[in-house]
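Please read the structure below before turning to the comments.
Here the structure is a predicted model, which means the values were calculated and not measured. Just the heavy atoms: all of them, side chains too, but no hydrogens, waters or symmetry mates, feed the values below.
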Amino acid sequence: MELFHKAKAVRLQSHHDKYLTAEEDEESVTQDRNGSSKNAKWTVEFVEKTDNVIRLKSCYGKYLTASNQPFLLGMTGRKVLQTLPSRLDSSVEWEPIREGHQVKLRTRYGQFLRGNGGLPPWRNSVTHDIPHRTSTQDWILWDVHVVEILPHIPAVPKPAPPPVPHSDSFASESSSPTTTGSSKSPSFSRQESNDSLISSPPKLGDGRLIYYQITDEFGEIEEETGGLCITFKGNSVEDLKKRLEEETGLEEITVCTRSSLNGKLYPLRLQLPPNNANMNVIILPSSSKEARDFAKPSMPL
């Protein structure tokens with residue numbers, strides 16, 4: 001799918017508004033509402049000689065794996081784990097299938113990545129299965145949020161073709177070998193395939209890039225949020241705030257920018273700068289001291 005072609009890393013949000021998360025035991029995979037955590041970030045790798053089969057690698061360097069282990073005895077769903085097999089096989093390969101604005105991730109054996117809901121032990125679990133009940137059909141649908149895009153690498157210009165020698169003899173021209181556009185070497189075809197994975201930077205009409213970081217309650221930048229980015233259309237600070245709340249799962253955030261003169265944080269007000277200029281912003285959760293200070297009414301002079 002073209003969406004993954006542009007992505008270096010993604011977050012996957014389930015039907016239950018939770019994010020596919022690699023647990024700290026470096027083996028389990030669950031769902032969690034904290035989309036800003038590094039554990040919810042998955043690096044995208046394309047399987048060689050394919051353009052629509054991917055692998056997803058967790059922050060621990062392990063692959064999202066469709067295992068053969070049953071999640072519960074007597075049930076059809078099987079566990080999804082983080083593993084690092086000595087040889088990469090089909091258990092770590094997923095085929096994205098578009099379903100409207102969402103995707104389904106299918107294993108090479110026809111089952112689908114499923115974020116489960118309901119009561120424990122199903123709640124927040126992740127399995128792979130073929131849903132048979134209507135009530136669980138949407139559990140295999142995922143929203144894809146691109147966290148990092150592939151860098152744009154300028155294409156190497158092709159060398160100019162050698163000049164065609166002039167000849168008075170039609171025979172000599174017809175005897176010279178000709179090159180057609182359809183005869184490509186395997187190496188050139190492979191290069192074209194690799195080029196398709198590289199995305200160009202967004203056009204101005206697509207909006208601006210908003211790079212954002214999140215502080216903790218003490219005002220310190222969380223290291224794992226250093227590479228987060230969204231594309232945003234419009235100039236309204238309120239609309240940007242709502243979009244960032246959807247992306248991060250946080251509520252009542254304060255969106256700030258850092259002064260280039262004194263390094264202090266200042267909350268953004270009504271409008272963003274014009275001309276779709278890219279921006280760097282800092283997100284203050286409602287629990288942080290700075291956010292509470294900004295919320296206090298100013299004293300009259």
Side-chain angles (χ1 to χ4, degrees), residues 1-15 19-22 26-31 39-69 71 76-116 125-131 137-153 155 184-200:
M1 179 183 289
E2 66 278 1
L3 178 60
F4 287 96
H5 282 215
K6 300 177 182 179
K8 181 179 179 181
V10 298
R11 291 197 306 261
L12 297 175
Q13 187 176 22
S14 73
H15 175 70
Y19 294 90
L20 186 71
T21 301
E26 300 186 19
E27 179 180 358
S28 306
V29 177
T30 60
Q31 302 170 78
N39 300 63
K41 178 179 174 180
W42 297 85
T43 303
V44 178
E45 293 181 3
F46 271 81
V47 176
E48 297 79 3
K49 299 181 181 180
T50 72
D51 61 357
N52 197 39
V53 178
I54 62 173
R55 303 185 188 102
L56 295 171
K57 184 183 288 187
S58 73
C59 62
Y60 301 108
K62 296 187 175 182
Y63 290 95
L64 186 71
T65 305
S67 77
N68 288 324
Q69 303 177 30
F71 179 70
T76 58
R78 296 185 180 274
K79 290 183 179 180
V80 172
L81 305 171
Q82 307 172 64
T83 69
L84 188 59
S86 57
R87 180 179 178 182
L88 298 180
D89 55 23
S90 58
S91 67
V92 298
E93 297 176 357
W94 303 87
E95 180 186 1
I97 300 173
R98 181 180 288 277
E99 188 83 13
H101 297 292
Q102 298 173 301
V103 299
K104 297 186 290 189
L105 292 172
R106 183 170 62 186
T107 71
R108 302 306 292 270
Y109 303 99
Q111 297 175 319
F112 294 94
L113 182 70
R114 187 172 78 175
N116 299 309
S125 66
V126 179
T127 58
H128 63 98
D129 197 358
I130 300 177
Q137 291 292 322
D138 291 340
W139 292 10
I140 62 174
L141 297 177
W142 300 83
D143 288 302
V144 180
H145 300 171
V146 177
V147 178
E148 294 183 42
I149 60 174
L150 287 170
H152 175 62
I153 302 176
K184 299 180 181 178
S185 66
S187 61
F188 183 73
S189 298
R190 183 59 187 159
Q191 181 64 41
E192 285 189 333
S193 175
N194 289 337
D195 288 345
S196 69
L197 302 181
I198 301 173
S199 66
S200 59

With heavy-atom distances below 4.5 Å as the criterion, would you say the side chains of [X] and [Y] are in contact?
X	Y	answer
His145	Asp143	yes
Thr127	Arg114	yes
Leu84	Tyr60	no
Pro96	Asn52	yes
Ser14	Tyr19	no
Ser125	Phe71	yes
Leu12	Val144	yes
Gln102	Asp138	no

Does Lys104 NZ have over 12 foreign heavy atoms under 6.0 Å away?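 Atom NZ in Lys104 is crowded, with more than 12 foreign heavy atoms closer than 6.0 Å.
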Minimum heavy-atom separation for [X] and [Y], please, with both atom names.
X	Y	answer
Ala9	Lys41	CB-CE, 3.7 Å
Thr107	Ala66	CG2-CB, 3.8 Å
Gly115	Trp142	N-CZ2, 3.5 Å
Thr21	Gln31	OG1-C, 4.4 Å
Val146	Val10	CA-CG1, 4.3 Å
Ser67	Arg78	O-CB, 3.6 Å

Judged by atom type as modelled, is there a donor-acceptor pair below 3.5 Å linking the side chain of [X] to the main-chain atoms of [Y]?
X	Y	answer
Glu26	Gln82	no
Trp94	Leu64	yes
His5	Asp51	yes

Applying the side-chain contact (heavy atoms from CB on, under 4.5 Å) criterion to Leu105, which one of Ile140, Leu20, Leu56 satisfies it?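 Only one option passes, and that is Leu56.
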Could you grab the distance from atom [atom1] of [X] to atom [atom2] of [Y], nearest 0.5 Å is fine?
X	Y	atom1	atom2	value
Asp129	Leu113	CG	CG	11.0 Å
Glu95	Phe4	CD	CZ	11.5 Å
Asn116	Thr30	CG	OG1	11.5 Å

Tyr63 and its side chain to side chain donor-acceptor pair (under 3.5 Å) partner, picked from Glu93, Glu45, Arg55: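 When side chain to side chain donor-acceptor pair (under 3.5 Å) is applied between Tyr63 and each of Glu93, Glu45, Arg55, only Glu45 qualifies.
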Going through the checks in order, is the side chain to side chain contact (heavy atoms under 4.5 Å, CB included) test met by Val147 and Arg11? CA-CA 7 Å; Val147 178; Arg11 291 197 306 261; 3.5 Å; yes
